[in-house]
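Lettering of chains follows the sequences in order, A, B, ..., and the numbering in each one begins at 1. FYI, side chains are in, hydrogens and waters are out, and symmetry mates aren't considered; it's all heavy atoms of this structure.
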Amino acid sequence: MKGRHLLSIKDLSKEDIIHILDTAEGFRDVLKRDIKKVPTLRGKTVVNLFFEPSTRTRTSFELAAKRLSTDVINFSVPTSSVVKGESLIDTAKTIQALGADFVVVRHASSGVPHLLSEQMDASIVNAGDGINEHPTQALLDAFTIREKKGGFQGLRVAIVGDILHSRVAKSNIPCLRKLGAEVRLIGPPTLVPEGFAGEGIHLFYSMEEGLRDVDVVMMLRIQLERQDRGFFPTVDEYFRLWGLTEERMSLARPDAIVMHPGPMNRGVEIDSAVADSERAVILDQVTNGIAVRMAVLYLLGGVKS
Amino acid sequence: MKVLIKNGYIVDPSQGIDGVGEILIEEGKIKEVREHRSGGRRDKAEGLLLEEEFKVIDATGLYVFPGLVDMHVHLREPGFEYKETIKTGTLAAVRGGFTSLCCMPNTKPVNDNETVTEFILRKAYAEGACYVFPIGAITKGQRGEELAEMGMMYEAGCVAFSDDGMPVMNSLLMRRALEYSKRFGVPIISHAEDINLSAGGVMNEGMVSLSLGLRGIPAEAEVVMIKRDIELARLTGGRLHIAHVSTAEGVRAVRDAKKEGLPVTAETCPHYFTLTEDAVRGYKTKAKVNPPLRTDKDIEAIKEGLSDGTIDVIATDHAPHHRDEKICEFDRAAFGISGIETALSLGLTLVRDGVLSLPGLVEKMSLNPARILNIRKGTLKVGEDADITIIDLNKKWKVEPERFASKGKNTPFEGFILEGLPVITICKGKIYERDN
């Protein structure tokens, strides 16, 4: 893997991605052992720098870092001096001075991981920036798809929901394309920008058309505040038109799987019957996330002394 | 002091001068302008050298323009002196070859009353390196709710009115402003942006904004407001000037309005004919500006608009900011470019590219803004203030913001090698030299 940081899927080649997935396979085996810890990164320090509330991603990174025997510090907004008006740059420099080897950052503004990579020595891992990217989510999704489907060639993956604001979608689209899958983007026209259409990427405004014969249905969380911003009239109407129901799932291939990055809004974007069905691999995604994040930290290596 | 500028190539479209000649300055006024080819005798000018009190500027190989006029500047004083002051902003102006500028009213307090106007003028008189012509706010506090005291500000010295940066969204109020301003014959300057369409946007909406995950401002946010204001100019007969046109469709709307003979003028800025949205890649906050940098198609249309006269003026929208306001999250970074010290060099690229003739460029950067504002500037006519810019067209220089006189070092042109430099600027009886 080139570079010291993981800022964007766009910076990775197909080979880089496959190398990360292969490495994650090894770590997943570690996680199945009785003693789920390896000494690989002992003595290194990982700082989880979260400017947005997050439980899942932060916990996943924290576990991944601990399984690699690093020391982990969680630096999150409510307990930090950010609320006291400290600038992002000052926060970054403080964390650098504490001796961080890795900084896992989540921030509401797109581009913050890029800015930190210019200002800090540590390896920066993007854990979600604004409406830009969430690269480790795309990698764990790819890992899960490969595990369930064996590969990506000829695979049809539908991504459903608020594409415009979803960092999960924005990392998954380039990731899946690099790996050779066909991508369908489904959602209301207000949330599916035409600019995303391209080679191997098709847009659908109708679930009935878009879901036909797909192998993977990747649901996105609908942010309830989008309704206030006028992107769609009501949550009820959203579910009527774009909610994933068993009936709609029957349009997909019989062996199609259902994914969701969590947390789910049952009854908004996904019906409980689907979320709890055999096809749902949502909890596998959570488990795989730890292995994939271990692989990312391991391959980046942190600060070289 | 008497100054003789000799052997310079004089370009003064206000009186059709385009050739080598001499300019004589006395008591800060133009005393004499003589073109060699029009029969003026060189030896007579040389003879003047014998008088010892003359300072002689040998402008052989250099070009002599009427001092440049920038009708769109943010001087930040009062209220934001940490970004710029009247002193540093006017020093930056003369360094950029400008001898007159208009300052926008978005200060703290807003220039929405005669007291602030008088403060600016008094400060500029005492400390300003160049002439300052304030632009008053259209509405009180630039809040877009009720008209400011335009008449009193006009009498205090405001030459135009604008809520720059805060578009007047209320169409009725904009109508009233265009009507009311007819009493004074001054233009209403429209910052054309539908803030509902642009809400939350930080760069041009398009492939680059999608790729960077940054919220976009569509071109239409500008276009719909230009079109609205043109309709209101038609309705009222008030004089409308469109600030910083950045879009192809905006250029087209102004062109159509002019064809109809409506009282509409327009300006653009150097960054809009030089850079595209690609300059933002890598989350470069120095390329964050409002309106945002657009696309190649827009650049072509703006050049065409400059060439065919649709766009009357090149202004800078000089917007200095503190470094901390640019080294931060892209969403939080301030909009704006510190542009007054690079504008002329960027304008000269239009001449080299055949978009404008040299007199054409002088019109856009000096004569036309003076005419739109109805100020006695932009000319080398005998008896006028000796505001003069002398340019070395071939001088190559590297943009190094730390050398700016402006407090604002925020330029996306950092490191660019530009060609053409205002090596001498004469204003208010002083001679300013610049070598980089």
Side-chain angles (χ1 to χ4, degrees), chain A residues 7-11 51-52 82 85-93 105-119 124 126 128-135 163-171 173-174 185 191-198 201 203 225-226 228-231, chain B residues 82 194-221 276-289 292-298 321-335 409-410 412 414-415:
Chain A
L7 307 178
S8 164
I9 289 291
K10 300 185 194 87
D11 299 335
F51 294 91
E52 270 190 343
V82 171
E86 184 174 64
S87 84
L88 175 65
I89 300 302
D90 287 336
T91 305
K93 285 179 176 162
V105 61
R106 168 168 290 190
H107 198 287
S109 279
S110 304
V112 162
H114 300 72
L115 178 64
L116 294 185
S117 73
E118 291 164 7
Q119 300 282 333
I124 308 295
N126 183 355
D129 64 324
I131 56 169
N132 184 37
E133 280 214 44
H134 189 358
I163 311 293
L164 179 62
H165 301 98
S166 168
R167 47 198 180 205
V168 174
K170 282 169 189 168
S171 283
I173 295 166
L185 306 178
L191 294 172
V192 181
E194 285 186 29
F196 275 136
I201 307 172
L203 311 188
E225 63 266 26
R226 302 286 174 233
D228 303 331
R229 301 272 308 274
F231 287 97
Chain B
Y82 70 96
D194 183 318
I195 55 171
N196 293 318
L197 271 175
S198 65
V202 292
M203 68 169 297
N204 185 47
E205 179 176 312
M207 292 313 292
V208 179
S209 69
L210 282 181
S211 154
L212 291 175
L214 291 173
R215 287 168 210 273
I217 301 172
E220 288 70 14
T276 67
E277 56 186 354
D278 281 308
V280 175
R281 285 189 190 277
Y283 303 92
K284 302 292 183 226
T285 55
K286 284 175 181 173
K288 181 177 174 183
V289 60
L293 302 172
R294 306 284 187 184
T295 66
D296 283 323
K297 173 183 76 89
D298 298 294
H321 288 294
H322 191 274
R323 64 192 295 273
D324 290 350
E325 294 167 312
K326 284 292 192 178
I327 305 178
C328 63
E329 299 90 322
F330 196 93
D331 287 338
R332 283 186 54 189
F335 287 102
K409 315 299 180 192
N410 46 305
E414 178 169 4

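Neither the backbone nor the side chain of B:Thr285 comes within contact range of chain A; no heavy atoms are under 4.5 Å apart. Only the backbone of B:Leu212 comes within contact range of chain A, with at least one heavy atom under 4.5 Å from a heavy atom of that chain. For A:Ala108, the part lying near chain B is the backbone, with the side chain staying farther off; criterion is any non-hydrogen pair under 4.5 Å. A:Glu118 touches chain B through its side chain: at least one heavy atom from C-beta onward sits under 4.5 Å away, while N, CA, C and O do not. The part of A:Gln119 that comes within reach of chain B is its side chain, from C-beta onward, which places non-hydrogen atoms under 4.5 angstrom from that chain.
A pairwise comparison of heavy atoms in B:Ala279 and B:Leu293 identifies CB-CD1, 4.0 Å as the closest pair.
A side-chain N or O of B:Asp331 and one of A:Ser109 form a donor-acceptor pair less than 3.5 Å apart.
The distance between the ring centers of B:Phe330 and A:His114 does not fall below 6.0 angstrom.
Interface remark: of the candidates A:Leu164, A:Asn132, A:Leu88, A:Asn132 forms the most heavy-atom pairs closer than 4.5 Å to chain B.
A:Leu115 is not listed as a side-chain neighbour of B:Tyr283, based on a closest heavy-atom distance of 4.5 Å or more.
Looking at B:Val208, B:Val289, B:Ile217 one by one, the single match for side-chain contact (heavy atoms from CB on, under 4.5 Å) with B:Met203 turns out to be B:Val208.
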